[in-house]
Participant: 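Questions regarding the structure given below will be posed in turn.
Basis for what follows: all heavy atoms, side chains included, without hydrogens, waters or symmetry-related copies.
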Amino acid sequence: MTWKTYNDLGEESESSPRLYSYKGVNTKMNESILIVDDEREIADLLEVYLSNDGYTVHKFYNGTDALRCVATEKIDLALLDVMLPDIDGLQICRKIRERYFYPIIMLTAKVEDTDKIMGLTIGADDYITKPFNPLEVIARVKTQLRRYMRYNSVSVQQNGPVTEYDIRGLVINKVSHRCVLYGKEISLTPIEFSILYYLCEHQGSVVSSEELFEAVWGEKFLDNNNTVMAHIGRLREKLHEPPRKPKFVKTVWGVGYTIE
């Protein structure tokens with residue numbers, strides 16, 4: 001199997017393989033990551049990237065050894081391949097959920113929604129489809145760990161206002177007015193920032209152009225107003241979104257825009 005390398009924006013690079021760590025992020029971590037994948041090149045690649053970013057890694061090529069590790073070691077997050085030679089990743093996920101609540105990210109070559117729904121139903125927190133960008137895996141690991149630590153911290157004020165959103169490596173903070181994608185700060189205009197923040201506030205819901213315009217510009221929306229569409233286009237460019245399959249700001253034709 002051939003693996004591509006990527007630059008700091010997650011774009012393919014022709015240069016020789018390198019290791020990456022996020023700028024401005026403290027990489028001195030104590031979190032332990034469980035990797036279970038029978039494709040050795042994938043498991044080894046993830047181990048290198050995660051170790052380089054400061055994590056302790058427990059790597060296994062089969063489910064039996066992985067379950068022994070789960071029973072004896074402190075694990076903070078699990079990366080589980082769905083298809084394994086002995087015990088599949090879904091069964092491992094089920095076993096983990098019998099006793100533990102740390103994040104679980106499934107790795108799969110399947111793209112059917114039914115497989116994803118099954119994994120999420122039995123307790124998985126996220127899905128990553130192969131082949132993947134290693135930087136995206138790191139970003140999702142960080143996102144899931146931050147959420148887990150935040151929700152389990154006794155110092156969190158349960159009813160306090162939300163000022164930051166972290167969506168699969170896209171972090172936007174209203175107080176600092178900063179937007180970071182995979183650890184690299186993205187320069188947004190005030191309008192672009194407001195559009196993105198509003199969509200993040202309504203993650204999972206479809207926001208119409210009319211609602212978005214009136215919320216961001218504070219003016220009455222007029223028919224045939226392409227202002228929102230133009231700004232969404234520029235925003236996607238800055239987020240390095242693939243035109244046909246954007247990962248963040250998606251169009252629901254005839255309805256509006258959404259961030260899932």
Side-chain angles (χ1 to χ4, degrees), residues 1-13 15-23 25-70 73-93 95-96 100 102-111 115-116 119 123-149 166 168-169 181-184 247:
M1 183 180 294
T2 301
W3 286 95
K4 299 174 182 177
T5 58
Y6 299 82
N7 64 21
D8 290 328
L9 296 178
E11 300 165 335
E12 293 181 18
S13 171
S15 60
S16 58
R18 294 182 292 164
L19 301 183
Y20 297 84
S21 59
Y22 292 123
K23 298 176 182 178
V25 176
N26 181 5
T27 58
K28 293 182 179 179
M29 303 172 187
N30 296 318
E31 289 94 342
S32 294
I33 310 297
L34 173 68
I35 300 173
V36 190
D37 199 317
D38 63 326
E39 292 187 68
R40 292 174 179 259
E41 291 185 13
I42 293 179
D44 294 347
L45 179 74
L46 290 174
E47 179 185 29
V48 170
Y49 272 81
L50 288 166
S51 297
N52 181 62
D53 227 44
Y55 296 101
T56 299
V57 176
H58 303 276
K59 178 186 65 177
F60 300 95
Y61 304 124
N62 63 75
T64 303
D65 291 339
L67 284 176
R68 291 197 190 101
C69 175
V70 167
E73 300 290 340
K74 175 186 175 294
I75 304 296
D76 295 296
L77 180 144
L79 289 162
L80 308 177
D81 183 26
V82 172
M83 303 297 292
L84 293 168
D86 50 355
I87 306 171
D88 69 50
L90 295 177
Q91 292 184 52
I92 297 175
C93 179
K95 288 286 187 183
I96 291 174
Y100 306 105
Y102 51 75
I104 298 174
I105 300 175
M106 306 302 297
L107 307 174
T108 178
K110 296 182 177 182
V111 295
D115 295 307
K116 294 183 179 180
D125 297 279
D126 199 359
Y127 251 85
I128 298 178
T129 304
K130 301 175 183 177
F132 48 72
N133 179 341
L135 284 177
E136 182 179 353
V137 177
I138 298 293
R140 294 208 194 183
V141 165
K142 288 178 180 292
T143 295
Q144 290 297 335
L145 285 173
R146 274 195 293 266
R147 286 177 181 169
Y148 179 65
M149 298 303 178
D166 189 336
R168 301 188 303 279
L181 178 64
Y182 302 146
K184 187 176 182 65
K247 290 187 176 181

Participant: Output yes when a side-chain donor or acceptor of Thr143 lies under 3.5 Å from a complementary backbone atom of Gly169, and no otherwise.
Facilitator: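 The answer is yes, because a donor-acceptor pair under 3.5 Å joins these two groups.
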Participant: If I compare all heavy atoms of Ile75 with all of Tyr102, which pair ends up nearest, and what's the gap?
Facilitator: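 Smallest interatomic distance, heavy atoms only, reads O-CD2, 3.2 Å.
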Participant: OG1/Thr64 to CD1/Ile87 distance, rounded to the nearest 0.5 angstrom?
Facilitator: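 It comes to 4.0 Å.
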Participant: Could you tell me which non-hydrogen atom of His58 sits nearest to which non-hydrogen atom of Lys74, and how far apart they are?
Facilitator: NE2-O, 4.4 Å
Participant: Rounded to the nearest 0.5 Å, how far does CG of Leu90 lie from CG of Leu84?
Facilitator: 9.5 Å
Participant: How close do Asn62 and Val36 get, heavy atom to heavy atom, and via which atoms?
Facilitator: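 Looking at all heavy atoms of both residues, the closest pair is O-CG1, 3.7 Å.
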Participant: Check salt bridge (charged side-chain N to carboxylate O under 4.0 Å, His left out) between Lys95 and all other residues, then give those that pass, not counting sequence neighbours.
Facilitator: none
Participant: Once salt bridge (Lys or Arg N to Asp or Glu O under 4.0 Å) is applied, what residue pairs with a partner in residues 79-90 remain, sequence neighbours excluded?
Facilitator: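 Pairs touching residues 79-90 that pass the test: Asp81-Lys130.
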Participant: So how far is it from Ile42 CD1 to Ile35 CD1, rounded to the nearest 0.5 Å?
Facilitator: 11.0 Å
Participant: Listed by chain and number, what are the ring-ring contact (aromatic ring centres under 6.0 Å, His included) partners of Tyr61, not counting sequence neighbours?
Facilitator: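 If we apply the ring-ring contact (aromatic ring centres under 6.0 Å, His included) test to Tyr61, skipping adjacent residues, there are no hits.
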Participant: Any chance you could lay out the side-chain contact (heavy atoms from CB on, under 4.5 Å) test for Tyr55 and Lys142, step after step, and finish with the verdict?
Facilitator: CA-CA 11 Å; Tyr55 296 101; Lys142 288 178 180 292; 3.4 Å; yes
Participant: Listed by chain and number, what are the side-chain hydrogen bond (donor to acceptor under 3.5 Å, both in side chains) partners of Ser32, not counting sequence neighbours?
Facilitator: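 Applying side-chain hydrogen bond (donor to acceptor under 3.5 Å, both in side chains) to Ser32 gives none.
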Participant: How far apart are the closest heavy atoms of Cys93 and Ala124, and which atoms are they?
Facilitator: SG-N, 3.7 Å
Participant: For Leu77, enumerate each residue passing the side chain to side chain contact (heavy atoms under 4.5 Å, CB included) test, keeping only those at least two apart in sequence or located in another chain.
Facilitator: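 Scan of Leu77 (side chain to side chain contact (heavy atoms under 4.5 Å, CB included), adjacent residues dropped) gives Ile33, Leu79, Pro103, Ile105, Val141, Gln144, Leu145.
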Participant: Excluding sequence neighbours, so at least two apart, what forms salt bridge (charged side-chain N to carboxylate O under 4.0 Å, His left out) with Arg40?
Facilitator: none
Participant: Looking at Asp37 and Glu39, what are the two nearest heavy atoms and their distance?
Facilitator: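 So the two residues come closest at OD1-N, 2.8 Å.
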Participant: Sequence neighbours excluded, which residues qualify as side chain to side chain contact (heavy atoms under 4.5 Å, CB included) partners of Ser51?
Facilitator: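 Here the qualifying residues are Glu47, Val57.
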Participant: List the steps, then state whether side-chain contact (heavy atoms from CB on, under 4.5 Å) holds for Leu45 with Glu41.
Facilitator: CA-CA 6 Å; Leu45 179 74; Glu41 291 185 13; over 6 Å; no
Participant: Please check this pair: side chain of Arg140 against backbone of Tyr127, looking for a donor-acceptor N/O pair closer than 3.5 Å.
Facilitator: yes
Participant: Residues in salt bridge (charged side-chain N to carboxylate O under 4.0 Å, His left out) with Asp38, at least two apart?
Facilitator: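 Counting only residues at least two positions away or on another chain, Asp38 forms no salt bridge (charged side-chain N to carboxylate O under 4.0 Å, His left out).
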Participant: Just verifying a value: how many Å separate Gln91 CD and Ile96 CD1, rounded to the nearest 0.5 Å?
Facilitator: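 Here the rounded value is 12.0 Å.
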Participant: Measure the spacing between OG1 of Thr56 and CD of Glu73 and express it to the nearest 0.5 Å.
Facilitator: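 These two atoms lie 10.0 Å from each other.
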Participant: To the nearest 0.5 Å, how far apart are OG1 in Thr129 and CG in Leu107?
Facilitator: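 So the gap between those two atoms works out to 9.5 Å.
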Participant: Show your working on side-chain contact (heavy atoms from CB on, under 4.5 Å) between Phe60 and Val70 and close with a plain yes or no.
Facilitator: CA-CA 11 Å; Phe60 300 95; Val70 167; over 6 Å; no
